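Report on the following structure.
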Amino acid sequence: MGMLQLSLINERLAEYEWGALLIALGIGAIKVIGIIIAFLIFRSIGNRVLTRTFERYEKRENVSANRARTLEGLTKNVFGYALVFILIVTVLQVFNYDVTALIAGAGIIGLAIGFGAQGLVSDVVTGFFILLEKQIDVGDYITTGEFSGICEEVGLRQTKIRGFNGTLHYVPNREITGMSNHSRGNMQALVDIGISYDDDVDKAIEVLQSVCDELAQTNPAIIEGPNVLGVQNLGNSDVVLRIIAKTANMEQWGVERSLRKSIKEAFDQNGIEIPFPHQVYVEKKEAQ
């Protein structure tokens, strides 16, 4: 009986049209390659069109560059997902797969995800309101939780923050329960400088204010000030004087560095000492 079945199988394999099968597979492979090439071309053209559209939108609507980049990145993200879905459906149609069943199955899977993946739903809802309320734009300096840095991307699922040491943080939107945006409006530069107790405080304040006035005329990032507030603290070995200035957004650190450099040079010229820690060694000699 076994030999008879094996003989029948061999006869059916011999009768099978292998040439037609290979031709069909070849045609299908060519169609898939063509679809993928069309997908890549259309995606490239679509991204260029979106880039130009948002450039015109930024100029016509007087929208900030950061806001335009935020909306552009989100739109390209949605556009990419839609193209991938169309690619999958088109490839399945090449092999005569019932796409209607696929869409119905996708609806059922989406319903299951809605019940099971509550974290993902929370990410999307939170991301939607972050974008709707314009809480963050690409390029903003923000702080949320333990992360602080420059926002590189705002999406419906997660937000990317580039730390100042170069680390890229991926923060799920549902974890953004509290956030500080340091890039809305002018910022404040603050410099504390210590002088020796032996120096004349009034003279030091006069020198500092002259440095501030000169820097205000040469540094366009300074909006208001700088001004010497006076004595901020009496330390163990120094008298601390405080200077504040209002600066353009994200320029506060540069202004602080310029102030410290100019103050050091002015103090050297006027003989004002900036105290630094000293170590005193006490040698105890035994009585003879």
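Here the structure is a predicted model, which is why all the values come from computation and not from measurement.
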Handout entry: Ser44 side chain vs Ile41 backbone, donor-acceptor pair below 3.5 Å
Key = no
Handout entry: Sub-4.5 Å side-chain heavy-atom contact between Asp199 and Glu273
Key = yes
Practice task
Answer yes if Phe164 and Val171 sit in the same cluster of Ile, Leu, Val, Met, Phe, Trp and Tyr residues linked by side chain heavy atoms under 4.5 Å apart, and no otherwise.
Solution key: no
Fill in the blank from the handout: Here the pair of heavy atoms bringing Gly194 nearest to Pro275 is O-CD, 3.5 Å
Handout entry: Interatomic spacing from CG in Asp200 to CD1 in Ile195 - rounded to 0.5 Å
Key = 8.0 Å
Problem - Rounded distance [0.5 Å steps], CG in Asn227 versus SG in Cys212 - result: 7.0 Å
Practice task
Before accepting this row, confirm whether a basic side-chain N of the pair Lys264/Asp268 lies closer than 4.0 Å to the acidic partner's carboxylate O.
Solution key: yes
Exercise for the section: May I ask you to test the Tyr170-Thr159 pair for a side-chain heavy-atom distance under 4.5 Å? Expected result: no
Exercise for the section: Please check if Ile274 and Val231 belong to a single hydrophobic cluster, counting links between Ile, Leu, Val, Met, Phe, Trp and Tyr side chain heavy atoms closer than 4.5 Å. Expected result: yes
Completion exercise
d(Ile161 CD1, Ser148 OG) to nearest 0.5 Å is 8.0 Å
Problem - Heavy atoms of other groups near Glu265 CD, more than 12 under 6.0 Å - result: yes
Handout entry: Derivation of the side chain to side chain contact (heavy atoms under 4.5 Å, CB included) call for Tyr141 and Asn181
Key = CA-CA 6 Å; Tyr141 166 36; Asn181 192 328; 5.9 Å; no
Handout entry: CD-NE2 distance between Gln158 and His169, expressed to the nearest 0.5 angstrom
Key = 13.0 Å
Completion exercise
Between Ala189 and Thr247 the two heavy atoms that sit nearest each other are CB-CG2, 3.8 Å
Exercise for the section: To the nearest 0.5 angstrom, please state how far the CZ atom of Arg242 sits from the CG atom of Asp192. Expected result: 4.0 Å
Exercise for the section: With the side chain counted from C-beta on, respond yes when Ile243 and Leu229 share a heavy-atom pair under 4.5 Å apart, and no when they do not. Expected result: no
Exercise for the section: Could you state whether Val191 and Ile205 fall into the same hydrophobic cluster, counting links through intermediate Ile, Leu, Val, Met, Phe, Trp or Tyr residues with side-chain heavy atoms under 4.5 angstrom apart? Expected result: yes
Fill in the blank from the handout: What one should report as the nearest heavy-atom pair of Ala266 and Val211 is CB-CG2, 3.4 Å
Exercise for the section: Mark yes when over 12 heavy atoms from residues, nucleotides or ligands other than Glu206 sit less than 6.0 Å from its CD; otherwise mark no. Expected result: no
Exercise for the section: Check Val207 against Ser210 and note the closest heavy-atom contact, atom names and distance. Expected result: O-OG, 2.6 Å
Fill in the blank from the handout: On a heavy-atom basis, the closest approach of Ile272 and Ala204 is CD1-CA, 3.8 Å
Fill in the blank from the handout: Interatomic distance, NZ@Lys160 vs CD@Glu152, rounded to 0.5 Å, equals 8.0 Å
Exercise for the section: Go through Val239 and Leu234 one step at a time and tell me if the side chain to side chain contact (heavy atoms under 4.5 Å, CB included) criterion holds. Expected result: CA-CA 5 Å; Val239 178; Leu234 299 176; 4.0 Å; yes
Practice task
Report yes if some heavy atom in the side chain of Ile142 is under 4.5 Å from a heavy atom in the side chain of Phe147; otherwise report no.
Solution key: no
For residues 251-260, which side-chain donor-acceptor pairs fall under 3.5 Å, sequence neighbours excluded?
unit_1, atom_1, unit_2, atom_2, d
Gln252, OE1, Met250, N, 3.3
Glu256, OE2, Leu190, N, 3.0
Ser258, OG, Gly254, O, 3.1

Problem - Contacts of type side chain to side chain contact (heavy atoms under 4.5 Å, CB included), residue Asn249, not counting sequence neighbours - result: Ser183, Met187
Exercise for the section: Treating Ile, Leu, Val, Met, Phe, Trp and Tyr as nodes and any side-chain heavy-atom pair under 4.5 angstrom as an edge, say whether Ile136 and Ile150 lie in one connected cluster. Expected result: no
Exercise for the section: Check the side chains of Gln217 and Asp213 for a donor-acceptor pair under 3.5 angstrom, ignoring hydrogens and angles. Expected result: no
Exercise for the section: Answer with yes or no whether the hydrophobic clustering places Phe267 together with Val201; edges join I, L, V, M, F, W, Y residues whose side-chain heavy atoms lie under 4.5 Å apart. Expected result: yes
